[in-house]
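Source: prediction; values computed, not measured. In what follows, chains are A, B, ... by sequence order, proteins preceding strands, each numbered from 1.
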Amino acid sequence: MSAQDVLFDVPGPQARVRHRILAVVGVLALLAMIAFILLQMDEKGQLAANKWTSLFEAAAWTNYLLPGIWDLVRAAVVAIVLSMGLGLMLAMGRMSDLLPVRWATTVFVEFFRAVPVLIMMIFTFFYLANQEWSNDSWNPFIGVVVGLTLYNSSVLCEVIRSGVGSLPNGQREAGLSIGLSNAQVRRSILVPQALTSMLPTIVSQIIVIVKDSALGYIILYPELLTQARNLSSSRGNVLQAYILAAVIFILINYALSKLAEAIENRQRRKAAGQSKKAKQDEGEGEEGGMAGYSDKTMEQNRQT
Amino acid sequence: MIELIEEFNVLAAFWMTIKLALLSGLFALIIGTFVAILRLSPVAILSWAGAAYVTLIRNTPLTLIILFTSLGLWGQLGFEPASRDSPTFIVDLNFRLAVLGLSVYHAAFVCEAIRSGVNTIPLGQAEASRSLGLSFAQTLRYVILPQAFRGAITPLGNVMIALTKNTTVAVAIGVAEAAAALRNMIEFRPDVIFLNFFVIAIGFVILTLPLGLLTSYASQKLVVKR
């Protein structure tokens, strides 16, 4: 149900007139805002054509932007893979039957969820810089990846755990009744289902990772923001370079969020189809277990 | 540990973090509520504008937004929210620009939190109040909003926790908060690097843990039982 249904009646003739007036006022306000921004930019000479066209020269892309995007993607992909692995291990640990293991992983997860990613990045970067054995040119990359991995694996651990929690109890009971141990039930029945049902949330978490790899700017990792700065210092178009970087980020993340939505819709259709089939087969219909999450889970898990 | 905290003025750094979080939280709440009103309005163009704001801001890294306030807004467009006559010009300027960036960024998440609060209300509530003859304003005042705010407590609390942690990004434009303190501490006392990290990390645990507990307590206490 959409929010509009709750808040508003179907508009009558009077309300429609009011809405039309509001729409006109809204458009005017938006146009005024855009005009104001453009005027300000013009006054400072930011609309000069060469400031914008120099962003689209081949050299700007081959020397700055493409390497920046590549470094961004490289750090994000390594961090995603590592966080998935570590997150899975942590989730297993938090659901373990051994109390000490459960405690240790709980402390780990709660600690690294509470500490800002940037703090971990700065620490790792400077720690490595003080070590003789580490290769200095790799320090920023490792700093970014370690910071992202520690935080996101903790978040993913909680995502997987809540996915397991939302499965119907019968899954676990059925596993136990055919003679599997607790650990086997978790490993081969619960966690695989949780991973599938939490896939949209996991994809949204990837957006968080992509955005947070921009923090690498602060520890001198040459990702897209750093490269945008380098580009602008050689051509004197700071504003334009950052706007372009923002557009690239928005495109990447928007595509990812559409992917998450598509996966979610597909799963919902599948769950609906299954329950319809079950209805035909057994004469009664119950919502499939995997439909237990709504887009609210996704929205709320979409961390800032 | 105590001497470390005193030597690098860690408490002052965390006070800066708290100030950033509180001020940006307040502004983010104001902007976010406004955007949520736009998004929920029945006028297509306004709701589109709200949605566009959320999509654009939410997909942009905070680092970029904060840098943009300093390098773009101030450096290129001459937006100067502090007076040059003041002896603390640079400090004030960077602080205010950071607050601006943090507020604009988190407003998008506040908007989504409020929207999800409204979405928890069953349609029957609004239908029932209309059939009782309540006007639109009365429906909002007595039925919808009280429930919406309660439903939004958990997501709003999460935004506030994220905001507290995200204040560290302000180090990118030279605000002397906790991340800057950590950088100083490591630079001048690299011999106790783990302790340095630990001091700052515990500071954040102390800030965010009560927030989380308070949020879950409040949301359980105030939950609308259906």
Side-chain angles (χ1 to χ4, degrees), chain A residues 1-9 11 15 19-20 22-23 26-27 30 40-41 44 46 110-111 113-120 122-123 126-127 130 207 210-218 225 228-229 232 238-239 242-243 245-246 249-254 257 296 299-300 302-304, chain B residues 40-46 49 55-56 58-64 67-68 71-72 75-78 105-106 109 112 115-116 118-119 121-123 125-126 130 136 140 144 154-155 158-159 162-163 165-166 168-169 171-172 178-179 182-183 186-187 190 193 196-197 200-201 204-205 208-209:
Chain A
M1 175 198 61
S2 80
Q4 268 80 356
D5 293 334
V6 187
L7 294 178
F8 302 102
D9 251 331
H19 290 176
R20 219 163 283 148
L22 270 175
V27 170
L30 270 178
Q40 285 294 317
M41 285 174 73
K44 306 281 176 190
Q46 297 293 345
E110 293 300 334
F111 180 76
R113 270 196 332 158
V115 180
V117 181
L118 182 59
I119 296 289
M120 297 184 266
I122 290 179
F123 169 74
F126 281 105
Y127 176 75
N130 283 327
I207 301 177
V210 171
K211 281 199 302 182
D212 278 355
S213 37
L215 287 171
Y217 174 90
I218 296 165
L225 280 189
R229 188 191 55 187
S232 65
V238 182
L239 201 71
Y242 277 104
I243 289 176
F249 268 110
I250 290 170
L251 287 179
I252 295 176
N253 291 330
Y254 188 70
S257 70
K296 230 173 64 211
E299 291 292 347
Q300 284 177 5
R302 179 107 186 245
Q303 295 256 339
T304 27
Chain B
L40 293 173
S41 79
V43 184
I45 179 82
L46 296 183
T55 312
L56 289 182
R58 215 162 59 153
N59 287 323
T60 314
L62 176 60
T63 324
L64 201 160
L67 281 175
F68 190 82
L71 300 174
Q76 299 292 313
L77 295 177
Y105 179 75
H106 289 91
F109 294 89
E112 290 305 280
R115 215 165 62 96
S116 79
V118 172
N119 275 335
I121 304 167
L123 183 55
Q125 295 284 326
R130 269 181 222 131
F136 177 64
L140 274 188
I144 304 288
T154 313
N158 289 341
V159 173
L163 170 57
K165 295 196 294 173
N166 281 339
T168 47
V169 182
V171 73
L182 176 66
R183 213 157 63 173
I186 293 178
E187 196 166 330
I193 188 165
N196 291 333
F197 171 69
I200 299 292
F204 275 100
V205 175
T208 53
L209 211 60

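Contacts between B:Leu140 and chain A at a heavy-atom distance below 4.5 Å involve the side chain alone, from C-beta outward. When heavy atoms are compared at a cutoff of 4.5 Å, B:Ile200 approaches chain A solely by way of its side chain, counted from C-beta outward. If you measure heavy-atom distances from A:Ile250 to chain B, the contacts under 4.5 Å come from both the backbone and the side chain. Contact of B:Leu46 with chain A is made through the side chain alone, with heavy-atom distances under 4.5 Å. If you measure heavy-atom distances from B:Thr63 to chain A, the contacts under 4.5 Å come from both the backbone and the side chain. Looking at A:Tyr217, the atoms closer than 4.5 Å to chain B (heavy atoms on both sides) all sit in the side chain, from C-beta outward.
When each of A:Ile243, A:Leu251, A:Leu215, A:Leu22 is checked for heavy-atom pairs under 4.5 Å with chain B, A:Leu215 comes out on top. For the set B:Leu77, B:Thr60, B:Thr55, the count of heavy-atom pairs under 4.5 angstrom toward chain A peaks at B:Leu77. The candidate from B:Leu67, B:Thr208, B:Leu182 with the greatest count of non-hydrogen atom pairs under 4.5 Å with chain A is B:Leu67.
The shortest heavy-atom contact between A:Val115 and A:Met120 is O-CE, 3.4 Å. Of all the heavy atoms in B:Val43 and A:His19, the pair that sits closest is CG1-O, 3.7 Å. Here the shortest heavy-atom pairing between B:Gly72 and A:Leu239 reads CA-CD1, 3.5 Å. Across every non-hydrogen atom of B:Lys165 and A:Arg113, the tightest pair is NZ-O, 2.6 Å.
For A:Phe111, the CZ atom is densely surrounded, since the number of other residues' heavy atoms within 6.0 Å is greater than 12.
Rounding to the nearest 0.5 Å places CD1 of A:Ile218 at 4.5 Å from CG of A:Leu118.
The aromatic rings of A:Phe123 and A:Tyr127 sit parallel, their planes meeting at an angle under 30°, below the 60° perpendicular limit.
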